[in-house]
Amino acid sequence: MSKGLTSKNDDYSQWYNELVTKADLAEHSAVRGCMVIKPYGYSIWEKMQAALDKMFKDTGHSNAYFPLFIPKSFFSKEASHVEGFATECAVVTHYRLKNDGKGNIIVDEDAKLEEELIVRPTSETIIWNTYKGWIQSYRDLPILVNQWANVVRWEMRTRLFLRTAEFLWQEGHTAHATREEAVEEAERMLEVYADFAENFMAMPVVRGVKTPNERFAGAIETYCIEALMQDGKALQAGTSHFLGQNFAKAFDVKFTSKEGKLDHVWATSWGVSTRLIGALIMAHSDDSGLVLPPKLSPIQVVIVPIYRNDEEKAKISEAANALSASLRARNISVKYDDRDTQRPGFKFAEYELKGIPVRVAIGGRDLENGTAEIARRDTREKQTVSRENLDLYISDLLDEIQQAIYNKALAFRTENTREADSYEEFKRLLDEQPGFVSAHWDGTGETEKKIKEETKATIRCIPLNNRQEEGTCILTGNPSKQRVLFARAY
RNA sequence: CGGGGUGUAGCGUAGCCCGGUAUCGCGCCACAUUUGGGAUGUGGAGGUCGUAGGUUCGAAUCCUGCCACCCCGACCA
């Protein structure tokens with residue numbers, strides 16, 4: 001590990017890249033566009049998985065697993081779906097290698113697959129092909145299934161966590177008897193995502209729906225949560241789709257209703273990915289490193305001993321172990337770092353880089369005074385407190401940090417969400433004060449595309465429960481009934 | 001996939017224009033002194049110069065192809 005991080009004010013992208021690698025979250029792999037998620041980064045993902053998985057189970061879903069490979073023919077059944085993903089699919093064409101006799105391993109041309117297989121970019125098709133066999137009657141519905149999986153989208157330009165050719169995610173796929181029930185499901189899962197983002201990631205999000213241009217290929221309606229990063233760019237953090245009967249029709253999935261009528265099944269799908277780790281980094285971290293919310297930090301408290309000799313260290317360890325035990329009894333994860341090989345200052349910097357929310361230092365002075373030095377990562381404030389009831393104090397402090405990080409991010413978003421009433425003002429805001437820009441839009445795809453071409457800003461979403469307000473489109477001057485949220489985005 | 005840039009020890013770099021077997025810092029190893037914010041000293045180890053060809057007596061250096069990463073564009077979670 002080397003000293004210093006590029007300041008995020010000097011070069012935000014470089015700051016992000018350095019942070020991901022220096023904090024030991026991930027690194028580039030030998031495969032273009034693919035990353036290695038290192039143990040520390042993966043443990044954040046595991047925290048996310050655990051919280052989300054519980055939320056999915058609590059809302060009635062079960063996990064299952066579908067194949068990585070999808071027959072090409074499945075893929076072409078839903079027209080807009082194919083169109084959306086066709087340009088970024090990895091295709092398996094052969095199933096065997098051979099030695100060419102000169103010591104090289106080559107593809108065995110005799111082992112060509114009769115039907116090529118697509119490496120899943122998402123699983124709607126294979127899942128709806130499967131659901132056909134599961135559903136005959138309204139009694140078989142709803143089906144509420146989630147899978148944790150990897151997917152591949154052959155991206156041209158990749159960035160660690162934010163956009164990689166292969167990524168980890170969860171995809172929920174549900175089947176319902178009625179339109180209302182499916183819409184309700186899509187909205188429910190959006191709320192689960194928003195809840196997770198705000199209460200676990202401490203990242204405020206805007207709940208909204210996508211415009212037709214930004215909609216998932218094959219969806220009737222795409223709901224999304226949008227977050228604002230510290231550089232003023234927006235990031236789509238999760239999506240939930242109402243798929244209508246599109247996939248049921250494509251895969252001929254019908255059920256007999258209570259009334260004895262045959263109808264196509266209604267569907268939803270929803271997902272969040274390891275991209276959330278990128279969001280987490282960019283939402284909170286600073287020039288000293290990661291700032292992790294206590295609820296997702298792999299380690300919540302680190303204890304660093306400061307000693308002059310073995311005898312002193314032994315006494316400090318005793319105090320540290322007692323504190324560790326009392327914290328663990330409160331379900332707080334603790335690490336006691338008694339390595340002799342690094343000095344305290346080094347450890348302080350290291351744990352700041354890694355975003356550990358609370359650091360406790362115990363030294364000779366503290367032994368005598370019955371105290372410990374507590375440092376919180378988010379504000380970098382330090383104070384010396386009594387070791388009496390320290391577990392309770394730290395437990396409260398963790399809650400406070402979780403809340404403080406959220407409040408800070410919310411204040412940032414509020415400050416950086418502005419209204420524009422003319423195209424000039426709109427462009428000026430985007431260039432001079434990046435963030436969300438709330439503006440009137442005439443509702444047409446043409447206008448949206450033109451604005452995107454000219455400003456690189458896209459409509460992130462039409463916020464749910466949006467305030468209705470008469471106005472005129474910033475580009476065309478045509479009448480508009482509500483503002484929508486624009487931003488330059490990741 | 002188009003334009004620009006970069007690739008030299010684990011990391012960051014000098015050397016490249018003007019060809020002669022590689023510089024410095026961090027890190028690493030040993031020992032000593034240290035330990036309340038990234039310790040200091042002394043000694044030491046570590047290199048197919050991204051990769052494959054070519055030019056040359058000789059290539060990190062010149063030429064060509066390829067690969068990877070970064071930035072900008074098109075595309076996208």
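All values reported here derive from a predicted model rather than from experimental measurement. Lettering of chains follows the sequences in order, A, B, ..., and the numbering in each one begins at 1.
Minimum atom distance to the side chain of A/Phe348 is reached by B/rG37, of the listed B/rU35, B/rG37, B/rG73. Distances from the side chain of A/Glu155 to the nucleotides B/rC75, B/rU35, B/rC71 place B/rC75 closest. Distances from the side chain of A/Glu352 to the nucleotides B/rU35, B/rG37, B/rC69 place B/rG37 closest. With distances taken from any side-chain atom of A/Lys452 to the nucleotides B/rU35, B/rG73, B/rC75, the minimum falls on B/rC75.
For the C1' atoms, the distance linking B/rC28 with B/rG10 amounts to 8 Å, nearest Å. Taking atom C1' in both B/rG4 and B/rU42, the straight-line distance is 47 Å, to the nearest Å. Going from the P atom of B/rG41 to that of B/rG54 covers 48 Å, rounded to whole Å. If you take atom C1' in B/rU35 and the same atom in B/rU23, they sit 34 Å apart, rounded to whole Å. Separating the C1' atom of B/rG15 from that of B/rU61 is a span of 9 Å, rounded to the nearest Å. Annotation: B/rC17 and B/rU6 have their P atoms spaced 15 Å apart (nearest Å).
Between the C1' atom of B/rG37 and the CZ atom of A/Phe346 lies a distance of 12 Å, rounded to the nearest Å. Separating the CG atom of A/Leu367 from the C1' atom of B/rG36 is a distance of 12 Å, rounded to the nearest angstrom. Distance A/Arg157 CZ to B/rC1 C1': 13 Å, rounded to the nearest Å. Rounded to a whole Å, the CG atom of A/Asp337 is 15 Å from the C1' atom of B/rG37. A straight line from CG of A/Asp11 to P of B/rG5 spans 18 Å, rounded to a whole angstrom.
A/Trp270 places none of its side-chain heavy atoms less than 4.5 Å from the side chain of A/Phe216. Side-chain contact between A/Arg359 and A/Arg377: absent, with no pair of heavy atoms (C-beta onward) separated by less than 4.5 Å.
Regarding contacts with the backbone of B/rA39, a side-chain N or O of A/Arg343 is found under 4.0 angstrom from either OP1 or OP2. Checking the phosphate oxygens (OP1, OP2) of B/rC71, a side-chain nitrogen or oxygen of A/Ser13 falls inside 4.0 Å. Phosphate proximity of B/rG36 to A/Lys382: absent, as no side-chain N or O sits under 4.0 Å from OP1 or OP2. Taking 4.0 angstrom as the limit, A/Asn17 places a side-chain polar atom (N or O) nearer than this to OP1 or OP2 of B/rC71.
In terms of position along RNA chain B, the nucleotide closest to A/Arg32 lies nearer the 5' end than the nucleotide closest to the other residue of the pair A/Arg32 and A/Phe216.
Figure legend. B/rG7 is base-paired to B/rC67; pairs are counted as Watson-Crick or G-U wobble with both atom distances under 3.5 Å. Pair assignment for B/rC75 gives none, since no Watson-Crick or G-U wobble pairing has each distance under 3.5 Å. Base pairing of B/rA60 is not made with any nucleotide, judged by Watson-Crick or G-U wobble geometry with both donor-acceptor distances under 3.5 Å. Nucleotide B/rA39 has B/rU33 as its partner under the Watson-Crick or G-U criteria, with both atom distances under 3.5 Å. Under the Watson-Crick and G-U wobble criteria, each requiring two contacts below 3.5 Å, nucleotide B/rG27 is left unpaired.
Side-chain atoms of A/Glu116 and A/Thr93 include no donor-acceptor pair closer than 3.5 Å. Side-chain N/O atoms of A/Asp337 and A/Tyr351 include a donor and acceptor closer than 3.5 Å. Between the side chains of A/Glu78 and A/Ser80, at least one donor N or O lies within less than 3.5 Å of an accepting N or O. Counting only N and O atoms by type, the side chains of A/His61 and A/Glu185 include a donor and acceptor under 3.5 Å apart.
For A/Arg359 against B/rG37, a side-chain N or O and a base N or O form a donor-acceptor pair under 3.5 Å. Residue A/Glu350 places no side-chain atom within donor-acceptor reach of the base of B/rG38, judged by atom type and a 3.5 Å distance cut-off alone.
Note on A/Leu235: nothing from the nucleic acid sits closer than 4.0 angstrom, heavy atoms only. Residue contacts for A/Gly364: at a heavy-atom cut-off of 4.0 Å it reaches a base atom on one of the strands shown. Residue A/Ser29 is classed as having no contact, given no heavy-atom separation below 4.0 Å to the nucleic acid.
Remark: A/Asp53 engages A/Lys57 in a salt bridge, criterion side-chain N to carboxylate O under 4.0 Å.
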